[in-house]
Amino acid sequence: MFKFTAKALVCALSLSLAGLAQAADPIIIKFAHVVADNTPKGQGALMFKKLAEERLPGRVKVEVYPNSSLFGDGKEMEALLLGDVQMLAPSLAKFEQYAKPVQIFDLPFLFDDMAAVDRFQQGPAGRALLASMESKNITGLAYWHNGMKVMSANKAVREPKDARGLKFRVQASAVLEEQFKVVRANPRKMSFAEVYQGLQTGVVNGTENTWSNYYSQKVHEVQKFITESDHGLIDYMVITNTTFWNGLPEDVRSELSKIMAEVSVEVNRQADELNRVAKQDIAKAGTTEIIELTPEQRAEWREAMKPVWKKFEGDIGADLIQAAQAANQN
Ligand code: LMR
């Protein structure tokens, strides 16, 4: 009897000690992304880590994995749903399997400038998209800007006809595929980590991205021309696994939400500047000619790519497209 009680006591004690140790363990948030640290998203992830660990000491630890070092395109969403990673910030082009309306952000020449993008994202329609994937266990926490896309190739591309027959790398997006098809170019879906090599080996001849993504991946070294087309957008949705997020202690979740809001303001404030400096660095590198478009040439691109809107209107929703256009009028 005594023996039994002592054994039970030891057992209960070790269980409660294990419980204490568990309570003391910080919550680990793995934040994976595909770009370099010196980009808007790279900086945002590091800022989030710094503030979370400062304000929730010992309770939260954020591990940031840049440059596809933990999961790259194609694998990261699955990893989030499996709980192998807790936060991601995929480009808005990478959500089509989960929410068709998010494809709106890929429509060419939709937003006049980043201020319009901001008005749309922070307005009711943009906020609703953040919550639109909860049934798929994905919670959108915030939008982060990168900026407007430019286009590059190994030949000078000034007018839509110059793109004919060129093979362009695109993100995994049907809208972006169509955007190049309408100018009779050949789009190729390819993950971000493969872009440099794809261009170097001639698997593709051109691509589109922001200045900061070109510079930080050295893509300009394998592209002779960049056309300052500003024809579309690369922005991000910071997402988390809904079950994970809702399971966090209330005070931790609310502090992390506050931090995310602060970081988002800062990322969105800095993004323009990071892209401006990256453009200067590319110009200084002297590897690539930067082509400016005349207003007439830009209008030609807009006209040539406009049919893409009609093709995806059914999936995206005409009302949503109207709401985005309304954001162009301040
Ligand atoms: C790309 O795949 O081209 C980019 O969107 C990568 C990124 O996250 O900026």
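As the structure lists them, so they are numbered: ligands from 1, and atoms in each ligand from 1. The analysis underlying the following values was restricted to heavy atoms, covering all of them including side chains, and did not include hydrogens, waters or symmetry mates.
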Worksheet entry | N146 N/O under 3.5 Å from ligand 1 N/O | no
Worksheet entry | Residue and atom name of the nearest protein heavy atom (relative to atom 9 (O) of ligand 1), distance in Å to one decimal | Y236 OH, 2.5 Å
Worksheet item: Would K279 and I226 satisfy side-chain contact (heavy atoms from CB on, under 4.5 Å), going step by step from the backbone distance to the final call?
Response: CA-CA 10 Å; K279 178 183 169 187; I226 296 184; over 6 Å; no
Worksheet item: Which residue owns the protein heavy atom closest to atom 5 (O) of ligand 1, what's the atom, and how far is it?
Response: Q171 OE1, 2.9 Å
Practice prompt. For the pair T240 (side chain) and Q86 (backbone), establish whether a donor and an acceptor sit closer than 3.5 Å, ignoring hydrogens and angles.
Written response: yes
Discussion item. Do M114 and D235 make a side-chain contact, defined as non-hydrogen atoms from C-beta onward lying under 4.5 Å apart?
Written reply: yes
Worksheet item: Between K94 and ligand 1, which part of the residue brings a heavy atom under 4.0 Å of the ligand: side chain, backbone, both or neither?
Response: side chain
Item to complete: Heavy-atom distances under 4.0 Å are what count here, so tell me which part of N213 touches ligand 1: side chain, backbone, both or neither.
Response: side chain
Worksheet item: What residue and heavy atom of the protein are closest to atom 8 (O) of ligand 1, and at what distance?
Response: K41 NZ, 2.6 Å
Discussion item. Can you tell whether the side chains of K75 and E78 come within less than 4.0 Å, N to carboxylate O?
Written reply: no
Worksheet item: Is the shortest heavy-atom distance from the side chain of M133 to the side chain of M237 under 4.5 Å?
Response: yes
Discussion item. Is the ring pair F120/F111 parallel, tilted or perpendicular, if the boundaries are 30 and 60 degrees?
Written reply: tilted
Practice prompt. For S91, take its heavy atoms, then give the atoms of ligand 1 lying under 4.0 Å from any of them.
Written response: 5 (O)
Response to the item:
The answer for which part of N209 has a heavy atom under 4.0 Å from ligand 1 is side chain
Worksheet item: Can an N or O of R169 be found at a distance shorter than 3.5 Å from an N or O of ligand 1?
Response: yes
Worksheet item: Within the distance-only criterion (no hydrogens, no angle test), does the side chain of N275 pair as donor or acceptor with the backbone N or O of S212 below 3.5 angstrom?
Response: yes
Item to complete: Distance to 0.1 Å, residue and atom name: give those for the protein heavy atom nearest to atom 7 (C) of ligand 1.
Response: V35 CG1, 3.3 Å
